[in-house]
Amino acid sequence: MPERILIVGGAGFIGSCLAIGLKKLHPEWQIICLDNLRRRGSELNLPRLKSCGIQFVYGDIRTAADLDPVALNADCIIDCAAEPSVLAGFSSPQYVLQTNLLGTVNVLELARQTGASLLFLSTSRVYPIASVKSVKLLELPNRFAIAPEQTLPGISELGISEDFPLKGHRSLYGATKLASELLIEEYREAYNVPAIINRCGLITGAWQMGKVDQGVCGLWVAAHYFQKSLNYIGFRGSGKQVRDLLHVEDLLRLVNYQLEHFPEFDGEVFNVGGGLSNSLSLVETTDLCQKITNKSIPINPVLEERAGDIPIFITDSSRVMEKTGWRPVIGPEAALQDIYNWIAANEVVLSSIL
């Protein structure tokens, strides 16, 4: 059982929520959050961390000197630090590569020097774009759905499992995360760094500073709340593209279980998401946002697809559920309601960010 945890990317949405949640579950644990505060709105999490007795260290994982093995000596490192935008890989490749790949090297070096274990948050975007787009679909009135008959392995009506093929291009963002997974495996073998990899899908909940290229649920609720227009981009402007949602509190429960039973899962790679029952199309998300906010906004169809866009991704988390007994319990409507309540309670400070 770890007693001292370092969370890199610890002032971001996922990092701060995990830090606060773990501290509440384990008041005796010492938790340190390191972050470069690049994401707008991450500074709002600093008072939350402080009020829970969590130490904050300003630092950048791109800079090896910021990861001082003496000051940041921990039993376990949780790596939540990333540039998580697929679009950023097309516009800012150097930042994506340095943060998501060089950053992983620096974190692994810290783990090697301190003897820490590593819990790494990877992404569903490691799966190749062309293969995901080749999944056979059904078109329903408000969404796309995965067809019963498929030719590729690792795909079923439950979604995409860990057996889905990895050959092909996946965006620079996805490539940096898959390359990080490979480096982690090498450090496990060469330097006995215990490691667990969670390939996360769409994580959501309060305190996510949603924007067009990342954090779509936060963006959708905020746009309804503040009466801003949105776009259905690509796929004929239908809004039928689908993702599964995982509330960050559900992720917290899994991470906590993995930390408490780390040796059992050392070396594992898990798909972690909300699954088919927690999936929404953009049209369905709009309907829920209208119901929760009692507001409707203009949503414009944009026919052109963006680079890297896919029509559907649903996570098949069967493997992690079988191995841990964990399963998501917070549904899509409750997740969007949580975001709405957070925005309503912090409207003044969030209006300039969201």
Side-chain angles (χ1 to χ4, degrees), residues 7 9-25 31 33-58 80-85 121 200 202-231 243 245-253 255 274 278 280 282 285-299 328-354:
I7 301 180
F13 162 55
I14 296 175
S16 62
C17 288
L18 291 181
I20 292 165
L22 289 170
K23 187 67 174 178
K24 288 178 179 176
L25 291 169
I31 299 178
C33 287
L34 179 138
D35 204 290
N36 66 359
L37 302 179
R38 178 184 172 98
R39 178 77 170 236
R40 190 177 183 200
S42 58
E43 69 279 0
L44 300 180
N45 289 318
L46 299 186
R48 299 173 64 221
L49 296 173
K50 185 176 182 180
S51 69
C52 293
I54 296 167
Q55 180 185 353
F56 174 74
V57 175
Y58 179 82
C80 305
E83 170 48 66
S85 166
L121 295 193
C200 298
L202 194 159
I203 311 296
T204 193
W207 295 98
Q208 186 174 38
M209 309 297 168
K211 51 184 184 175
V212 172
D213 56 345
Q214 202 272 326
V216 65
C217 292
L219 171 70
W220 233 252
V221 178
H224 280 79
Y225 188 96
F226 293 113
Q227 298 281 271
K228 306 286 187 182
S229 64
L230 289 168
N231 297 318
R243 298 292 185 276
L245 284 58
L246 182 67
H247 193 280
V248 70
E249 291 294 322
D250 280 329
L251 176 63
L252 166 67
R253 289 189 303 104
V255 166
N278 288 333
L280 287 177
L282 288 182
T285 306
T286 298
D287 290 342
L288 280 177
C289 287
Q290 289 176 348
K291 176 183 175 184
I292 290 168
T293 66
N294 291 314
K295 296 175 181 177
S296 61
I297 58 173
I299 302 184
V329 297
I330 301 174
E333 184 170 352
L336 296 182
Q337 183 70 54
D338 181 42
I339 297 168
Y340 172 83
N341 294 344
W342 164 64
I343 294 173
N346 299 274
E347 177 179 352
V348 174
V349 70
L350 293 176
S351 61
S352 63
I353 297 171
L354 300 178

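Not measured: the values here are computed from a predicted model.
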Partner set under side chain to side chain donor-acceptor pair (under 3.5 Å) for Thr293, not counting sequence neighbours: none
Quick one: list whatever passes ring-ring contact (aromatic ring centres under 6.0 Å, His included) with Phe56, sequence neighbours left out. none
For Glu347, check salt bridge (charged side-chain N to carboxylate O under 4.0 Å, His left out) against everything at least two apart and list the hits. none
Any donor and acceptor pair, going by atom type alone, linking the side chain of Arg243 with main-chain N or O of Val216 inside 3.5 Å? no
Listed by chain and number, what are the side chain to side chain donor-acceptor pair (under 3.5 Å) partners of Asn231, not counting sequence neighbours? Asn300
I'd like to check the salt bridge (charged side-chain N to carboxylate O under 4.0 Å, His left out) partners of Asp250; sequence neighbours left out, ordered by chain and number. Arg253
Pair listing, salt bridge (Lys or Arg N to Asp or Glu O under 4.0 Å) test, anchored in residues 331-341, at least two apart: Lys291-Glu333
Among residues at least two apart in sequence or on other chains, which ones pass side chain to side chain contact (heavy atoms under 4.5 Å, CB included) with Gln55? Gln30, Ile32, Val57
Could you tell me which residues satisfy side chain to side chain contact (heavy atoms under 4.5 Å, CB included) with Ser16, sequence neighbours excluded, listed by chain and number? Asn45, Arg48, Leu49
Contacts of Gln337 meeting side chain to side chain donor-acceptor pair (under 3.5 Å) (sequence neighbours excluded), chain-then-number -> Asn341
With sequence neighbours excluded, tell me which residues meet side chain to side chain donor-acceptor pair (under 3.5 Å) with Arg40. none
Partners of Lys295 by salt bridge (charged side-chain N to carboxylate O under 4.0 Å, His left out), sequence neighbours excluded? none
